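To start, the structure itself, in structure tokens.
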Amino acid sequence: MTATRILVLNSGSSSVKYQLLDMADHSRLAVGLVERIGEETSRLKHTPLTGGGESREQNRPIADHEEALKAVAAELTEDGLGLDSPELAAIGHRVVHGGKLFTQPTVIDDAVLKEVERLIPVAPLHNPANLTGIRTAQALRPDLPQVAVFDTAFHTTMPESASRYAIDVKTADEHRVQRYGFHGTSHAYVSRKTAALLGKQPEDVNVIVLHLGNGASASAVRGGRCVETSMGLTPLEGLVMGTRSGDVDPAVIFHLMRVAKMSADEIDDLLNKKSGLIGLCGDNDMREIRRRIDEGDEEAKLAFDIYVHRLKKYIGSYYAVLGRVDAIAFTAGVGENAAPVREAAVAGLEELGLAVDGELNSVRSDEPRLISPEYARVAVAVVPTDEELEIAQQTYALVQNRND
């Protein structure tokens with residue numbers, strides 16, 4: 001029996017998202033989420049996607065990631081999809097930060113674990129949780145290949161002129177300070193899907209990808225390779241996000257330290273958790289912001305305008321970086337579902353060949369689609385992202401190559 005199934009794990013600090021996929025036909029066999037791990041009441045929601053099974057939910061204390069993954073394994077076993085199945089080829093792990101070293105999906109060994117651990121100072125919220133998920137999965141299936149797929153890997157093709165900050169070189173190198181970028185699996189998947197939508201190969205297409213979720217990032221992709229992206233050393237830089245500020249003058253930090261007597265931790269919390277849309281208007285849900293705008297709420301309108309203004313700045317700057325743009329692709333929760341954001345982001349950019357057809361833009365669909373009129377020089381697309389499928393594909397390809 002050929003093993004074609006891949007279990008994708010995305011371990012957060014207090015959660016585990018998972019999907020089981022069969023790479024023979026890219027079908028999903030099961031999806032689920034464990035959240036509030038370590039709290040008084042945790043929640044596990046598991047949905048089998050074969051045989052007409054219904055979602056099952058548990059609400060009980062789940063102490064740690066080991067217990068969480070054992071609970072996931074039990075749910076999969078109940079559906080005949082257990083981790084002991086000979087059809088399971090590998091487990092693919094989302095790892096947020098791979099630094100300079102990891103430019104491709106990588107089979108996990110002790111050396112890989114040490115490097116991911118060494119990168120904790122530049123990803124203190126994510127890499128520890130990723131490591132916990134990996135080690136727990138290794139304990140459950142020590143014989144199975146475990147593969148790390150890095151959020152940063154797609155962006156390692158950026159030239160040094162884009163990735164290096166203009167600070168003292170020795171200091172930057174000693175402390176690994178550079179622009180790494182994130183959401184790489186999404187940018188890779190969407191840029192490739194956009195090329196296919198245009199009937200072209202990725203190497204023949206220049207795309208600006210706008211991944212707009214609660215976290216948001218932009219990338220300039222030339223011929224299938226990232227040459228610029230908006231997030232930096234951490235996911236804080238760049239676009240206005242749900243709770244993150246995106247770009248600010250670095251001196252704002254020193255000003256708040258001196259004038260407001262805020263600590264480094266307080267400013268970190270402010271910029272990452274109390275800024276962006278929620279800092280501007282108290283909401284980080286674009287649907288709620290649009291509802292408030294429709295009711296005449298000026299605070300919500302200003303937040304929306306600031307959000308869109310930053311988007312336009314990045315579209316324009318990435319247009320300049322690429323020189324020629326074949327398509328702009330909107331993706332992730334806001335990008336896929338918020339038609340007013342898409343319309344506003346390209347409004348007034350007709351001289352750059354950009355336009356949105358109002359009727360096409362208003363259509364809701366789970367399929368990749370063009371929303372620009374036929375006369376537009378630059379295609380504007382909505383391309384639903386699928387990071388789990390991208391991780392599964394990269395994991396399966398690596399395991400297959402090892403076995404050949």
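Predicted model, so just to flag it, every value in this text is computed and none were measured.
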Shortest non-hydrogen contact from [X] to [Y]?
X	Y	result
Ala218	Leu239	N-CD1, 4.0 Å
Gly215	Arg244	CA-NH1, 3.9 Å
Asn130	Ser11	ND2-O, 3.0 Å
Leu81	Leu29	CD1-O, 3.9 Å
His183	Ser217	ND1-OG, 2.7 Å

Can you check whether [Y]'s main-chain N or O pairs, donor with acceptor, with [X]'s side chain at less than 3.5 Å?
X	Y	answer
Asn361	Ile371	no
Lys274	Leu271	no
Ser365	Glu367	yes
Ser230	Gly238	no
Arg342	Glu336	yes
Arg43	Glu35	no
Thr331	Thr385	yes
Lys312	Ala347	yes
Asp269	Asp265	no

Within this structure, what is the CG-CD distance for the pair Asp110 and Glu117, rounded to the nearest 0.5 Å? 11.0 Å

Atom pair CZ/CG of Phe150 and Asn127 - distance to nearest 0.5 Å: 8.5 Å

Answer yes or no: is there an ion pair linking [X] with [Y], defined by an N-O contact shorter than 4.0 Å?
X	Y	value
Asp297	Lys301	no
Arg292	Glu299	yes
Arg179	Glu237	yes
Lys70	Glu67	no
Asp283	Arg291	no
Arg164	Asp173	yes
Arg287	Asp285	yes

Can you name the residues that form a side-chain contact (heavy atoms from CB on, under 4.5 Å) with Ser55, not counting sequence neighbours? Lys45, Thr47

Ring-plane angle category for His155 and His187, please: parallel below 30°, perpendicular beyond 60°, tilted otherwise. perpendicular

Is it the case that atom CZ in Arg60 sees more than 12 heavy atoms from other parts of the structure closer than 6.0 Å? yes

Using a 4.5 Å cut-off on heavy atoms from C-beta on, say whether the side chain of Glu228 contacts that of Arg222. no

Can you check whether Phe102 and His97 have ring centres sitting under 6.0 Å from each other? no

Dump the intermediate steps for side chain to side chain contact (heavy atoms under 4.5 Å, CB included) on Ile134 and Val95, then the final yes or no. CA-CA 9 Å; Ile134 291 167; Val95 179; 4.0 Å; yes

